[in-house]
K.L.:
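Sending over a structure as structure tokens; questions will come in a sec.
Since the model is a prediction, treat every value here as computed from it, not as a measurement.
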Amino acid sequence: MRRDVVDWLQNDKKLNLFVRHNPIWYRKLSRNPHNRQQLELHAKNYYKQTIPHKVEKFSNSLGFASMMMEMYKAMRNGD
């Protein structure tokens, strides 16, 4: 693998860990070092850091907060 690609991976801990968990990327980057954007996209999907994942996480948090408010109202009305 080219030295600049190795340095780039070592500077980004999440990408480095992703490549360690998915060793096929060593081969892909060795053959075509310009696949960096593709690697970053796959890593974002792996770590669930894409916009749809963030929206889903926010929606789940909002649903949980709404459920807690309803439980609080039900407990308060029960007294």
Side-chain angles (χ1 to χ4, degrees):
M1 190 179 307
R2 288 177 26 183
R3 186 70 203 160
D4 61 331
V5 176
V6 172
D7 291 340
W8 175 71
L9 281 174
Q10 288 176 346
N11 288 332
D12 193 331
K13 291 181 182 182
K14 282 192 175 185
L15 287 179
N16 196 1
L17 187 61
F18 174 75
V19 171
R20 285 185 181 193
H21 286 215
N22 301 284
I24 193 158
W25 279 100
Y26 283 112
R27 189 174 333 139
K28 287 182 179 184
L29 289 173
S30 293
R31 292 179 182 167
N32 188 358
H34 302 290
N35 280 348
R36 293 179 185 185
Q37 289 180 338
Q38 189 179 13
L39 170 66
E40 288 175 338
L41 179 64
H42 283 272
K44 282 184 178 184
N45 279 323
Y46 181 79
Y47 289 117
K48 297 183 179 179
Q49 293 179 335
T50 61
I51 292 174
H53 288 116
K54 290 178 181 181
V55 169
E56 181 182 357
K57 184 179 176 181
F58 178 74
S59 176
N60 289 343
S61 297
L62 194 59
F64 179 73
S66 175
M67 181 187 68
M68 293 301 286
M69 289 297 292
E70 292 297 322
M71 286 178 56
Y72 175 73
K73 286 179 186 176
M75 288 175 54
R76 192 167 178 198
N77 290 338
D79 287 342

K.L.:
If you measure from NE2 on His42 to CG on Asn22, what distance do you get to the nearest 0.5 Å?
P.N.:
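Separation between the atoms: 9.5 Å.
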K.L.:
Is there a path of hydrophobic side-chain contacts, each under 4.5 Å between heavy atoms of I, L, V, M, F, W or Y residues, that connects Leu41 with Leu17?
P.N.:
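Different clusters.
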K.L.:
Count the heavy atoms belonging to other residues, nucleotides or ligands that lie under 6.0 Å from NZ of Lys28, then report whether that count exceeds 12.
P.N.:
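Enclosed: over 12 neighbouring heavy atoms sit under 6.0 Å from NZ of Lys28.
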K.L.:
Can you see which heavy atom on Trp25 is nearest to which on Asn35, and at what distance?
P.N.:
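Result for this residue pair: CZ3-O, 4.2 Å.
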K.L.:
Hey, what do you get for CZ (Arg36) to CG (Asp12), rounding to the nearest 0.5 Å?
P.N.:
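It comes to 11.5 Å.
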K.L.:
When rounded to the nearest 0.5 angstrom, what is the spacing between OH in Tyr47 and NE2 in His21?
P.N.:
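Here the interatomic distance stands at 6.0 Å.
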K.L.:
Check for me, please, whether Phe64 and Phe58 land in the same ILVMFWY cluster - side-chain distances under 4.5 Å, paths through other members count.
P.N.:
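As far as the 4.5 Å side-chain criterion goes, Phe58 and Phe64 are not connected within one cluster.
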K.L.:
Do the side chain of Ser59 and the main chain of Val55 share a donor and acceptor less than 3.5 angstrom apart?
P.N.:
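No, Ser59 side chain to Val55 backbone: no donor-acceptor pair under 3.5 Å.
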K.L.:
State plainly whether one hydrophobic cluster holds both Ile24 and Leu29, where clusters connect Ile, Leu, Val, Met, Phe, Trp and Tyr through side-chain heavy atoms under 4.5 angstrom apart.
P.N.:
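Result: yes, single cluster for both.
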K.L.:
So for atom CE, which belongs to Met67, do other residues, nucleotides or ligands contribute more than 12 heavy atoms lying within a distance under 6.0 Å?
P.N.:
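Count over threshold, so yes.
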K.L.:
Please report the interatomic distance CZ(Arg2) to CG(Asp7), rounded to the nearest 0.5 Å.
P.N.:
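The CZ atom of Arg2 sits 11.0 Å away from the CG atom of Asp7.
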K.L.:
Could you grab the distance from atom CG of Asp4 to atom CG of Leu9, nearest 0.5 Å is fine?
P.N.:
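So the gap between those two atoms works out to 10.0 Å.
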K.L.:
Could you tell me whether Gln37 atom CD has more than 12 heavy atoms of other residues or ligands within 6.0 Å of it?
P.N.:
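Not buried by this count: 12 neighbours or fewer within 6.0 Å.
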K.L.:
Between Gln10 and Arg3, what is the shortest heavy-atom contact and its length?
P.N.:
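Taking Gln10 first and Arg3 second, the nearest heavy atoms are OE1-NH2, 4.2 Å.
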K.L.:
How long is the span from the CD atom in Glu56 to the NZ atom in Lys48, to the nearest 0.5 Å?
P.N.:
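The distance works out to 7.5 Å.
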K.L.:
If only atom types and distance count, is the side chain of Ser66 paired as donor or acceptor with the main-chain N or O of Leu62 below 3.5 Å?
P.N.:
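No, because the side chain of Ser66 does not come within donor-acceptor range (under 3.5 Å) of the backbone of Leu62.
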